[in-house]
Structure formats: C-alpha cells, structure tokens
Amino acid sequence: MALTVYSSSEAYRGGPCVLTIGNFDGVHLGHHALIQKNLQTAQSLGLDSLIYTFEPHPRRVLQPEKHPPRIMSLEDKLHWLEEAGISQVVVESFDRTFSEHPAAWFAQEIIARRLQTKSIVVGHDFRFGRGREGTAEGLRSFLPKTPVEGLAAVRLGEAIVSSSKIRENVASGEVETASRMLGRPYYVRGT
C-alpha cells in the first residue's frame, strides 16, 4: 500500500486510528519500536495506523539559534516511514501560532476530533503542547477513554537511542555508532 501524506490534521481523511506523535528525524531504532507497536495495536483493533509529525522541527521555529541539524530531509523521513510499514502520515506545519496551543486543546482538537484517535502509542520522552507542558499522563487525563501506551527507551549498549545521540555521534565522527542506532547506514543527500 502506498504512503498517503496529509498536509495537516485538518486535511486528514483516514478513519479512526492508532496514533503515534513525534518528529521521527532519522526514523531510528527507537522510532521503529514505536512504529511496530502502533502497527500491532492498529491491526489488533482493526483501525488505521497514523504517524503525526511536524515540519519544520519545532526547535527550528522556537529556538532558531539552537535548532539541531536534520538527520534527514522530510522526503527521506517519509520514505523510511513507508519502508517501516506506515501507510498514513500527517505532516503538520509548525509555526509560532501553532506552538501557543495548550496541551488540552491539542489533545481534544487535534488528537480526538480531527484525527479520530482511539489509541495512542508514545515514546518515553513524549511531550506536547505549549511549552512542552503535556505528557503521556496528561493525555490520559485529557482523553480518559483513549488508551495511551508509553514505550520504554530503546538502548544500544548503555546509550539511549535518540536523534540527539545520533547527531552527536555524527558530529564526533562516530558514524558507525550512528548507523547502528539508525538500523541502516548513515548517509547525506545533496550537492
């Protein structure tokens, strides 16, 4: 099945879903654990599987002087999400206005109403809403009828697999370690 990409939560035309939210920069081994749990839950419940992500990265908008370099382009991210088995992705445009929405609004308007979410799978460090005020526990209180499953961090040796750690490894020349965390060779595309 080909990947369907929606340009915003308002444009979503899929059905009730199992939702996973994140930046997914790198689509690394930690992201793969989330994706696999999302797909398993969706299959067991007979629902659509949906990834919700942002463009640009929120830090690029909120802290432009500190924004992290990208591991991959949006085009590559969408490719690797599809390779992992995802068939639907919402790419929400992130700007300062969007960043001002409180966590409760995000949960009720985006997650519940627009995306018709029936179950949620999130990572160990999941945060959302204005000032990153929302947590997995907050989601449970905002949406008490929607199961929220938080997954533990994926580790490679002692290190937690994360986009930040992959960027650190690449910057320090430890490309082999970055590749192991990605689950495939690290590459750069461009001129």
Side-chain angles (χ1 to χ4, degrees), residues 1-28 30-62 74 77-78 80-82 84-154 162-163:
M1 178 185 274
L3 182 67
T4 302
V5 179
Y6 298 97
S7 60
S8 71
S9 53
E10 290 179 341
Y12 179 65
R13 296 295 176 262
C17 70
V18 175
L19 178 67
T20 298
I21 303 167
N23 286 307
F24 289 91
D25 190 17
V27 192
H28 56 61
H31 296 141
H32 278 271
L34 288 168
I35 290 165
Q36 289 311 306
K37 184 61 181 174
N38 179 304
L39 292 169
Q40 289 168 359
T41 303
Q43 184 176 16
S44 71
L45 297 174
L47 297 171
D48 289 336
S49 178
L50 180 66
I51 297 295
Y52 181 88
T53 191
F54 303 99
E55 184 65 27
H57 190 294
R59 255 189 267 150
R60 182 173 286 269
V61 172
L62 301 175
L74 175 61
K77 175 170 43 175
L78 295 173
W80 290 111
L81 287 170
E82 183 177 20
I86 294 299
S87 60
Q88 298 187 109
V89 177
V90 170
V91 180
E92 193 80 72
S93 179
F94 192 89
D95 58 21
R96 287 208 174 267
T97 301
F98 189 84
S99 76
E100 291 301 316
H101 291 299
W105 177 90
F106 185 86
Q108 292 156 356
E109 176 62 21
I110 303 282
I111 295 174
R113 191 183 74 74
R114 294 183 192 177
L115 302 179
Q116 308 168 55
T117 304
K118 302 302 178 201
S119 185
I120 303 169
V121 177
V122 295
H124 68 100
D125 57 352
F126 174 72
R127 305 293 285 204
F128 71 102
R130 180 180 51 220
R132 296 174 46 91
E133 66 191 1
T135 61
E137 197 54 46
L139 272 180
R140 291 181 184 102
S141 66
F142 298 137
L143 305 171
K145 295 180 181 175
T146 305
V148 178
E149 182 165 0
L151 295 189
V154 171
S162 70
S163 298

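Predicted, not measured: the structure shown is a model, and the values here were computed from it. Just so it is clear, the values below take in all heavy atoms, side chains as well, and ignore hydrogens, waters and symmetry mates.
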**Q** Arg113 and Gln108: side-chain contact (heavy atoms from CB on, under 4.5 Å), yes or no, with the steps?
**A** CA-CA 6 Å; Arg113 191 183 74 74; Gln108 292 156 356; over 6 Å; no

**Q** How many angstroms lie between CD1 in Ile21 and CD1 in Ile120, if you round to the nearest 0.5 Å?
**A** 6.0 Å

**Q** State, to 0.1 Å, how close Ser49 and Gln88 come at their nearest heavy-atom pair, and which atoms those are.
**A**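 Distance-wise, the nearest heavy atoms are O-NE2, 3.5 Å.
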
**Q** May I ask you to check whether over 12 heavy atoms, not counting those of Gln43, lie within 6.0 Å of atom CD?
**A**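 Counting neighbours around CD of Gln43, 12 or fewer heavy atoms of other residues, nucleotides or ligands fall under 6.0 Å, so no.
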
**Q** Quick check on the 6.0 Å ring-centre criterion: do His57 and Phe54 meet it?
**A**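 No; Phe54 has its ring centre 6.0 Å or more from that of His57.
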
**Q** Between Leu151 and Val121, is any pair of side-chain heavy atoms under 4.5 Å apart?
**A** yes

**Q** Could you state the interatomic distance from CD (Gln40) to CD1 (Ile35), rounded to the nearest 0.5 Å?
**A** 12.0 Å

**Q** Between Ala103 and Glu133, which heavy-atom pair has the shortest distance, and what is it?
**A** N-OE2, 2.6 Å

**Q** Applying side-chain contact (heavy atoms from CB on, under 4.5 Å), name anything that partners Leu45, two or more places apart in sequence or on another chain.
**A** Val18, Thr41, Leu47, Ser119

**Q** For side-chain contact (heavy atoms from CB on, under 4.5 Å), just list the numbers for Leu143 and Thr117, CA-CA rounded to whole Å, side-chain angles, deciding distance to a tenth of an Å, and then say yes or no.
**A** CA-CA 10 Å; Leu143 305 171; Thr117 304; over 6 Å; no

**Q** Answer yes or no: is there a side-chain heavy-atom contact under 4.5 Å between Leu50 and Val90?
**A** yes

**Q** Give the minimum heavy-atom separation between Ser7 and Ala11, together with the two atoms involved.
**A**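 Shortest heavy-atom separation between Ser7 and Ala11 comes out as OG-CB, 3.9 Å.
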
**Q** Taking atom CD1 of Ile51 and atom CG of Leu81, what is their separation to the nearest 0.5 Å?
**A** 6.0 Å

**Q** Decide yes or no for Tyr52 and Leu115: does some side-chain heavy atom of the first lie under 4.5 Å from some side-chain heavy atom of the second?
**A** yes

**Q** Could you tell me how the ring of Phe142 sits relative to the ring of Phe128: parallel (under 30°), tilted (30 to 60°) or perpendicular (over 60°)?
**A**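 Judged by the thresholds at 30° and 60°, the geometry between Phe142 and Phe128 is perpendicular.
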
**Q** Give the minimum heavy-atom separation between Ser163 and Asp25, together with the two atoms involved.
**A**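 Shortest heavy-atom contact: OG-O, 2.7 Å.
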
**Q** Would a 4.5 Å heavy-atom cut-off, applied to side chains only, mark Ser99 and Phe94 as touching?
**A**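 Touching, per the 4.5 Å side-chain cut-off.
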
**Q** Would you name the heavy atoms of His32 and Ala84 that are closest together and state the gap between them?
**A** CE1-CB, 3.6 Å

**Q** Measuring from Leu19:CG to Gln116:CD, what's the distance to the nearest 0.5 Å?
**A**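 The distance works out to 11.5 Å.
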
**Q** Which heavy-atom pair separates Arg60 from Pro56 by the least distance, and what is that distance?
**A** CD-CB, 3.7 Å

**Q** Do Tyr12 and Asp48 come close enough that some side-chain heavy atom pair is under 4.5 Å?
**A** yes

**Q** Any non-hydrogen side-chain atom of Lys37 less than 4.5 Å from a side-chain atom of Leu34?
**A** no

**Q** Heavy-atom distance under 4.5 Å between the side chains of Leu3 and Val89, does that happen here?
**A** yes

**Q** Hey, could you give me the NZ/CD1 distance between Lys118 and Ile111, rounded to the nearest 0.5 Å?
**A** 13.0 Å

**Q** On the 0 to 90° scale, with breaks at 30° and 60°, tag the Trp105-His101 ring pair as parallel, tilted or perpendicular.
**A**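 Taking His101 first and then Trp105, their aromatic rings lie parallel (interplane angle under 30°).
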
**Q** What's the spacing between Glu92 CD and Ser9 OG if we round to 0.5 Å?
**A** 3.5 Å

**Q** Under a 3.5 Å distance rule, please check whether Thr53 uses its side chain to pair with a backbone N or O of Gly22 as donor and acceptor.
**A**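 Side chain of Thr53 to backbone of Gly22, a donor-acceptor pair under 3.5 Å: yes, one is there.
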
**Q** So, His31 versus Phe24, ring centres under 6.0 angstrom or not?
**A** yes

**Q** Could you list the residues that satisfy salt bridge (charged side-chain N to carboxylate O under 4.0 Å, His left out) with Arg140, not counting sequence neighbours?
**A** Glu137

